[in-house]
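Just so you know, these numbers use all the heavy atoms, side chains as well, and skip hydrogens, waters and symmetry mates. Since the structure is predicted, the reported quantities are computational estimates derived from the model, not experimental observations.
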Amino acid sequence: MLVHPSGVDVSSSALRFLSAKLRQRRQELGTRWRRLSIGRQALLTLAHLRNGYPYAQLAAGFGIGTTTAYRYITEAIEVLAALAPTLAEAVRKASLKAFVLLDGALLPIDRIAADRPYYSGKHKRHGVNVQVLADPSGRLLWASPAFLGAVHDIRAAREHGILDALAEADNKCWADKGYRGASGTVRTPYWGRWETLSAGQQAVNQSHATIRALVEQAMATLKAWRLLRKLRCSTTRITTLVQAVLCLHLASSDR
């Protein structure tokens, strides 16, 4: 396999953060020697998450076996995922904001036609549903575990306990029409065709859309990690990947 130099558009703070956590992990395990240093293992993981490179290509570039690359990356991802904030922690942080934004993202997966639970009729493709909370500036606060792609956003939000958590904390939340019927503090636009709405309802919907549009920045932040644009792994590992990406993003933005 030919090997060429490549770049990873991730901040150095993310590399330092992951390196520190891997160093702590090795100390806990009592590891004496490995094929890659702590910094190289961290860089290997970032290249996989950010650029979506497969294990074989990364193994060739780092001069290790494919199995070794898989083990190192899996270990680092599990370390990161364990540090990701819970919904309760995210809601407590969101309580310091004027309001939060809620939306759902479909992360594409390589499922076949027979996997109907993962097929989204809205997006016309197979994927997993991930619920996202963002602050008023569009910064990512939290991402939910992966759910079946065929599930509607409001059901996914209820299954994860998002609506109840926001209502209990009295956090105002802006969401789109996919959350129509949500009670508590969730605000959705008026339902109906534009021409059937009154002038006042149209004005409210326009204002609502302007506020809610900022959540797209959080979505872009999540999908900037190219591995999440087309997932080819087992669906049981997707939640761990999303939590690892969330942890890296929050660690980088807090520094």
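Not a single donor-acceptor pair under 3.5 Å links the side chain of Lys21 to the backbone N or O of Leu18. Using a distance-only test at 3.5 Å, with no hydrogens or angles considered, a donor-acceptor pair links the side chain of Thr185 to the main chain of Asn171. Proximity of a side-chain donor or acceptor of His48 to a complementary backbone N or O of Tyr53 within less than 3.5 Å is detected. Between the Glu78 side chain and the Glu75 main chain, no donor and acceptor come within less than 3.5 Å of each other. Looking only at distances, no side-chain donor or acceptor of Thr74 sits under 3.5 Å from a matching main-chain atom of Arg71. Thr68 contributes no side-chain N or O that, together with a main-chain N or O of Ile64, makes up a donor-acceptor pair within less than 3.5 Å. Looking at Thr31, its side chain never comes within 3.5 Å of a backbone N or O of Gln27 through a donor-acceptor pair. Put simply, the side chain of Arg26 never gets that close to the backbone of Arg34: no donor and acceptor are under 3.5 Å apart.
Counting only residues at least two apart or in different chains, ring pair (Phe, Tyr, Trp, His ring centres under 6.0 Å) contacts with residues 214-234 are absent. Residue pairs meeting the ring pair (Phe, Tyr, Trp, His ring centres under 6.0 Å) criterion with at least one member in residues 56-96, sequence neighbours excluded, are Tyr55-Tyr70. Here side-chain hydrogen bond (donor to acceptor under 3.5 Å, both in side chains) pairs that include residues 206-223, with residues two or more places apart or in two chains, are Asp103-Arg212. For residues 73-92, the set of pairs meeting the ring pair (Phe, Tyr, Trp, His ring centres under 6.0 Å) definition, not counting sequence neighbours, is empty. Within the structure, every pair that satisfies the salt bridge (Lys or Arg N to Asp or Glu O under 4.0 Å) test and touches residues 41-54, not counting sequence neighbours, is listed here: Asp9-Arg50.
Looking only at side-chain heavy atoms (C-beta outward), Leu133 and Leu140 stay at 4.5 Å or farther from each other. Side-chain contact between Tyr179 and Cys173: absent, with no pair of heavy atoms (C-beta onward) separated by less than 4.5 Å. Proximity of Pro145 to His160: side-chain heavy atoms (C-beta onward) are separated by under 4.5 Å at one or more points. In this structure, Thr188 and Asp176 have side chains that are not in contact, with every pair of non-hydrogen atoms separated by 4.5 Å or more. Using a 4.5 Å heavy-atom threshold, the side chains of Lys93 and Trp142 count as separate. For the pair Val128 and Leu148, the minimum side-chain heavy-atom distance is 4.5 Å or more. Counting heavy atoms from C-beta on, the side chains of Leu46 and Leu248 come closer than 4.5 Å. Using a 4.5 Å heavy-atom cutoff, the side chains of Arg232 and Lys230 are in contact.
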Show me the donor-acceptor pairs, under 3.5 Å and distance only, between side chains in residues 236-245 and residues at least two apart or in other chains.
from: Thr236; atom 1: OG1; to: Ser234; atom 2: OG; distance (Å): 2.8
from: Thr239; atom 1: OG1; to: Ala146; atom 2: N; distance (Å): 2.9
from: Gln243; atom 1: NE2; to: Ala143; atom 2: O; distance (Å): 3.0

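A distance of 4.5 Å separates CD in Gln41 from CG in Leu22, rounded to the nearest 0.5 Å. Once rounded to the nearest 0.5 Å, the distance linking CG of Leu246 with CG of Leu80 reads 10.5 Å. Between Leu43 atom CG and Ile38 atom CD1 the span is 14.0 Å, to the nearest 0.5 Å. A distance of 10.0 Å separates CG in Leu87 from CG in Asp164, rounded to the nearest 0.5 Å. Rounded to the nearest 0.5 angstrom, Gln202 CD and Ser198 OG are separated by 7.0 Å. How far CD of Gln131 is from CD of Glu159: 11.0 Å, rounded to the nearest 0.5 Å.
For Arg180, the side-chain contact (heavy atoms from CB on, under 4.5 Å) criterion is met by Trp191, not counting sequence neighbours. In this view, Arg139 and Asp135 satisfy the salt bridge (Lys or Arg N to Asp or Glu O under 4.0 Å) rule, not counting sequence neighbours. Scanning for salt bridge (Lys or Arg N to Asp or Glu O under 4.0 Å) contacts around Arg23 gives an empty result, with sequence neighbours left out. Judged as a salt bridge (Lys or Arg N to Asp or Glu O under 4.0 Å), and not counting sequence neighbours, Asp170 has no contacts.
Neither Leu102 nor Val204 shares a network with the other; the hydrophobic side chains, linked directly or stepwise wherever heavy atoms of I, L, V, M, F, W or Y lie under 4.5 Å apart, form separate groups for each.
The hydrophobic cluster analysis finds Leu106 isolated: no Ile, Leu, Val, Met, Phe, Trp or Tyr side chain comes under 4.5 Å of it, directly or through other members. Grouping Ile, Leu, Val, Met, Phe, Trp and Tyr residues whose side-chain heavy atoms lie under 4.5 Å apart, directly or via other members, places Leu101 in a hydrophobic cluster with Phe99, Trp174, Ile211, Leu214, Val215.
Crowding of Lys177 atom NZ: a count of heavy atoms from other residues, nucleotides or ligands under 6.0 Å exceeding 12. Applying the 6.0 Å contact sphere to CD of Glu89 captures more than 12 heavy atoms from other residues, nucleotides or ligands.
For His126 and Tyr119, the ring centers are positioned less than 6.0 Å apart.
Of all the heavy atoms in Val91 and Ala169, the pair that sits closest is CG1-CB, 3.4 Å. Nearest heavy-atom pair, Ile154 versus Gly181, reported as atom, atom and distance to 0.1 Å: CD1-C, 3.9 Å. Summarising the geometry of Leu15 relative to Gly39, their closest heavy-atom pair is CD1-O, 3.9 Å, with the distance given to 0.1 Å.
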